2 protein chains.
Amino acid sequence: MPPLVPRPPKYYAVKEDLRLLAAEAGPGAVLPTERALAVTFGTSRTTVRQAIAELVAEGVLTRRQGKGTFVSAPRPTYLRQLTSFSEDARAQNLASASFTLGVERVVADAHLAEQLRVPVESDLTRVARVRLIDGEPLAHEAAYIPGLFPDLPGQLEDNPSLYAVLSTCYGIEIVEAEDTVGTMVGGPDDARLLGIEMGAPLLLIFRRGLDADGVPVEWTRSVFRGDRFQFFARTRR
Amino acid sequence: MPPLVPRPPKYYAVKEDLRLLAAEAGPGAVLPTERALAVTFGTSRTTVRQAIAELVAEGVLTRRQGKGTFVSAPRPTYLRQLTSFSEDARAQNLASASFTLGVERVVADAHLAEQLRVPVESDLTRVARVRLIDGEPLAHEAAYIPGLFPDLPGQLEDNPSLYAVLSTCYGIEIVEAEDTVGTMVGGPDDARLLGIEMGAPLLLIFRRGLDADGVPVEWTRSVFRGDRFQFFARTRR
DNA sequence: TAGTGGTCTAGACCACCAA
DNA sequence: TGGTGGTCTAGACCACTAG
């Protein structure tokens, strides 16, 4: 199959050159400045920045304001395999941690009511957290659980696994999960929480947890960094 | 939680304004020209283009050179649920079609050999196709199958489901699939095959098909449009 | 031919960081 | 203070589409 693209734009040539340059330099290496690269490639700084922007989105490069542009460390790709974040991390010998943004009472809107099969306006508990792997933010998520759990904040401090706390303290057992995986691009909030750039590709995952009777007991919206996360699923016919 | 972002850049304000404008205008509507928008927002055309670029990546807008910028039609999100593309589409009452790019003999490199559990350099058949839903390209993929299947091209013309052909003609039954889902950004080839813009977020899916004995019989690399695809998985503990 | 989006330029000012 | 990346500008030329 011949390369049928009429004329690849100049920034794409720069991008692929930079990709090679990064590979040779190795992780952690610092690249020449954008202004220097513009001179080297005989182009403008804007064009160089467009090339760098895509490599950043791919996780190849990292930019730090005031410091420079660096070759990213190899991705410690996190594979989702079981039901819960904490369990997945442990299964892969990765150090996981959580930062709780807030635990609050909310009422079900139409969408949450449908997903959790509860009446609109019923009480829900919302748990918002940032998930870390090896000290780096990997995802932020908000879990919604029917009912009120005033002691949850303290219990999550002792055990970061929401699923474990629900099981141990409240007898809620999640045995089945339905995941819907799509893409989105990062906005300012995502950029701040995950330490990424705006516009970076992200994985948006909606998960519904069901108990042994098939009753929905949890619904979560998760936003994962696209550059260091993979989702794994096994399906039997 | 207060909004901690110091100062959202101007292009982000433009982006959100355009998002509202697009919602009001409705699918298919044409937006003012980039030059006109620059005047309206009191900004430069570059800034307007940066805002539009992200909305295009999100699937909200569509640009057509020489014509204009349009509000995208609502996404016919394709959900992956079963094992094969054709089956999934049928289950959702979506018209699926395939365009075969090529069927060729290749030899296994180290990676394919490991995934398919065959010796390095063994014969494989590579089937490269573009997948369409409702006439629009949704994905391109390359499937690798151990062995040689000289009649495959003709058989795929009669039945676009590779899984069905393998079953009917060769007695190969795929009963289990392992999917690994991640993100990538589109390059020139992806842009050409899928009719998207370079830099658009894509879902990269590696799938391994196993037969009843757990023997790998197929390995596929698929690239799906991120703006109109969702992956669905159900996991039991 | 006129108008659209696609690419690229040269340069400005800002926010951040290290010496 | 000087250098880095982050943002934005005004304008140029090209490729494509339509009348």
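As the structure is a computational prediction, the values presented were derived from the model and not from experiment. Here is how names work: the chains are called A, B, and so on, in the same order as the sequence lines, proteins then strands, and each is numbered from 1.
In this structure, a donor-acceptor pair under 3.5 Å is present between the side chains of A/T62 and A/S72.
Judged purely by atom type and a 3.5 angstrom limit, A/Q92 uses its side chain to pair as donor or acceptor with the backbone of A/D88. For A/N159 (side chain) and A/S161 (main-chain N/O), a donor-acceptor pair under 3.5 Å exists by modelled atom type. Looking only at distances, a side-chain donor or acceptor of A/T40 sits under 3.5 Å from a matching main-chain atom of A/A36. Side chain of B/R208 to backbone of B/Q115: a donor-acceptor contact under 3.5 angstrom is found.
Closest approach to the A/R35 side chain among C/dT9, D/dG5, D/dC8 is made by D/dG5 (side chain taken as heavy atoms from C-beta onward). Checking C/dC8, D/dG5, D/dT7 against every side-chain atom of A/E34, the shortest atom distance belongs to D/dG5. Among the nucleotides C/dG6, C/dA12, D/dC8, the one closest to any side-chain atom of B/P9 is D/dC8.
Residue A/R49 is classed as a base contact, given a heavy-atom separation below 4.0 Å to a base.
If you find the closest nucleotide of DNA chain D to B/V48 and to B/R45, the one lying nearer the 5' end belongs to B/V48.
Within the 4.0 Å cut-off from OP1 or OP2 of D/dT4, not a single side-chain nitrogen or oxygen of A/R63 is found. Contact annotation: B/T47 reaches the phosphate of D/dT9 (side-chain N/O to OP1 or OP2, under 4.0 Å).
Considering only residues two or more places apart in sequence or on other chains, A/A142 meets the side-chain contact (heavy atoms from CB on, under 4.5 Å) condition with A/R126, A/Y144.
Taking the centre and axis of the six-membered ring of B/F70, the NZ or CZ atom of B/R63 falls outside the cone set by 45° and 6.0 Å.
Rounding to whole angstrom units, CG of residue A/L18 and P of D/dG5 are separated by 12 Å. Regarding B/F41, its CZ atom lies at a distance of 12 Å from the P atom of D/dT9, rounded to whole Å. Spacing between atom CZ of A/R64 and atom C1' of C/dA15 amounts to 17 Å, rounded to whole angstrom units.
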**Watson-Crick and G-U pairing of DNA chain D, under 3.5 Å, as dot-bracket with | and [ ]** = ||||||||||||||||||.
Using a cut-off of under 3.5 Å, enumerate the N/O to N/O pairs linking the protein to nucleotides 1-3 of chain C.
from, atom 1, to, atom 2, distance (Å)
C/dG3, N2, B/G66, O, 3.4

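Below 30°, between 30° and 60°, or above 60°: for B/F85 and B/F224 the angle between ring planes is between 30° and 60°, a tilted geometry.
For the side chain to side chain contact (heavy atoms under 4.5 Å, CB included) with A/I205, the lone residue among A/R221, A/R80, A/E141 that qualifies is A/R80.
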